[in-house]
Visitor: 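The structure that follows is given in the form of structure tokens.
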Amino acid sequence: MVEKRAHIRVHPGTGSQVSNVMTDVVIGRVVDISENGFLLSTREVVKPGMILQLSVKLKELAPKTIEMGAECIWSDHQDSGLTFAGFQIIDISETDTQLLVKLVQQLATD
């Protein structure tokens, strides 16, 4: 199968945390991430069109975190109670963009 994505997706190590900045609650973990989006695994209700302000902690960036605004593009609720949701990054600082780009490049070459 030919990959049609514009950006490389990478899989961060275990232990990632995605928190809702507005509630300060951990809502899930990153399954994969790219320069423009990520796949979230969560037990929260997440539906397409939802826009969240998020803080992403990845062990590769510790102790730094990446803050971003992201929109849910799609979600798939599983019988196990997990939901997988694809998010597009819609608002991120230049500093956090640079961190994310560096992380993706690092993980892509590992």
Side-chain angles (χ1 to χ4, degrees):
M1 181 173 191
V2 176
E3 181 65 49
K4 296 180 181 179
R5 295 178 182 271
H7 299 281
I8 296 169
R9 291 180 295 168
V10 295
H11 302 278
T14 58
S16 67
Q17 289 186 336
V18 179
S19 299
N20 182 327
V21 172
M22 304 307 285
T23 62
D24 199 31
V25 172
V26 175
I27 62 168
R29 68 176 191 85
V30 174
V31 176
D32 65 40
I33 193 164
S34 73
E35 293 177 29
N36 69 333
F38 62 96
L39 176 58
L40 176 73
S41 171
T42 184
R43 294 200 178 272
E44 302 291 321
V45 175
V46 180
K47 296 182 179 179
M50 288 179 72
I51 296 175
L52 300 173
Q53 188 65 33
L54 303 170
S55 176
V56 178
K57 293 181 183 179
L58 303 168
K59 75 175 190 175
E60 294 87 354
L61 296 176
K64 298 176 182 174
T65 61
I66 297 176
E67 303 259 333
M68 66 179 72
E71 179 179 4
C72 179
I73 303 301
W74 62 268
S75 65
D76 184 20
H77 184 74
Q78 306 290 305
D79 290 338
S80 66
L82 278 176
T83 295
F84 292 98
F87 278 84
Q88 179 178 11
I89 299 169
I90 58 174
D91 182 37
I92 186 170
S93 72
E94 184 59 36
T95 301
D96 284 349
T97 297
Q98 290 172 3
L99 272 176
L100 181 55
V101 168
K102 185 176 179 182
L103 170 77
V104 170
Q105 290 171 347
Q106 171 191 334
L107 291 176
T109 59
D110 285 352

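Numbers here are sequence positions counted from 1. Keep in mind that this is a model prediction, so the values were computed, not measured.
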Visitor: Is there a path of hydrophobic side-chain contacts, each under 4.5 Å between heavy atoms of I, L, V, M, F, W or Y residues, that connects V26 with L58?
Guide: no
Visitor: Would you indicate whether the side-chain heavy atoms of T83 and V45 approach each other to under 4.5 Å?
Guide: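 Sidechains of T83 and V45: no contact.
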Visitor: Just how far is it from atom CD of E71 to atom CG of D91, taken to the nearest 0.5 Å?
Guide: 12.5 Å
Visitor: Determine, step by step, whether D96 and M68 satisfy the side-chain contact (heavy atoms from CB on, under 4.5 Å) criterion, reporting the C-alpha distance in whole Å, the side-chain angles of both residues, the deciding distance to 0.1 Å, and the verdict.
Guide: CA-CA 8 Å; D96 284 349; M68 66 179 72; over 6 Å; no
Visitor: At what distance, to the nearest 0.5 angstrom, does CD of E60 lie from CG of L107?
Guide: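 Between E60 CD and L107 CG, I get 5.0 Å after rounding to 0.5 Å.
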Visitor: Can you find a pair of side-chain heavy atoms, one from L61 and one from T65, that are under 4.5 Å apart?
Guide: no
Visitor: Are I66 and I8 linked, directly or through other ILVMFWY residues, by side chains that come within less than 4.5 angstrom of each other?
Guide: yes
Visitor: So how far is it from R29 CZ to T42 OG1, rounded to the nearest 0.5 Å?
Guide: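 Going from CZ on R29 over to OG1 on T42, the span is 11.0 Å.
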Visitor: Are there more than 12 heavy atoms of other residues, nucleotides or ligands under 6.0 Å from atom CG of D76?
Guide: yes
Visitor: Does V31 offer a backbone N or O that forms a donor-acceptor pair with the side chain of S41 under 3.5 Å?
Guide: no
Visitor: So, does Q78 use its side chain to make a donor-acceptor pair with the main chain of F84 at under 3.5 Å?
Guide: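 No, because the side chain of Q78 does not come within donor-acceptor range (under 3.5 Å) of the backbone of F84.
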Visitor: Which heavy atom of L39 sits nearest a heavy atom of G86, and at what distance?
Guide: CD1-N, 4.2 Å
Visitor: Indicate yes or no: at least one non-hydrogen side-chain atom of L52 is less than 4.5 angstrom from one of I27.
Guide: yes
Visitor: Shortest non-hydrogen contact from A70 to F87?
Guide: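 Minimum heavy-atom separation between A70 and F87: CB-CD2, 3.7 Å.
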Visitor: How close do S34 and L100 get, heavy atom to heavy atom, and via which atoms?
Guide: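 Looking at all heavy atoms of both residues, the shortest contact is O-CD2, 3.5 Å.
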Visitor: Can you name the closest pair of heavy atoms from V46 and S75 and give their distance?
Guide: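 Shortest heavy-atom separation between V46 and S75 comes out as O-OG, 3.0 Å.
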Visitor: Write down the atom of T14, the atom of K59, and the distance for their closest heavy-atom approach.
Guide: O-CD, 3.7 Å
Visitor: Measure across G37 and I89 and return the closest heavy-atom pair with its distance rounded to 0.1 Å.
Guide: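 Minimum heavy-atom contact is N-CD1, 3.8 Å.
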Visitor: How many angstroms lie between CG in L54 and CD in Q17, if you round to the nearest 0.5 Å?
Guide: 13.0 Å
Visitor: So how far is it from R43 CZ to S80 OG, rounded to the nearest 0.5 Å?
Guide: 5.5 Å
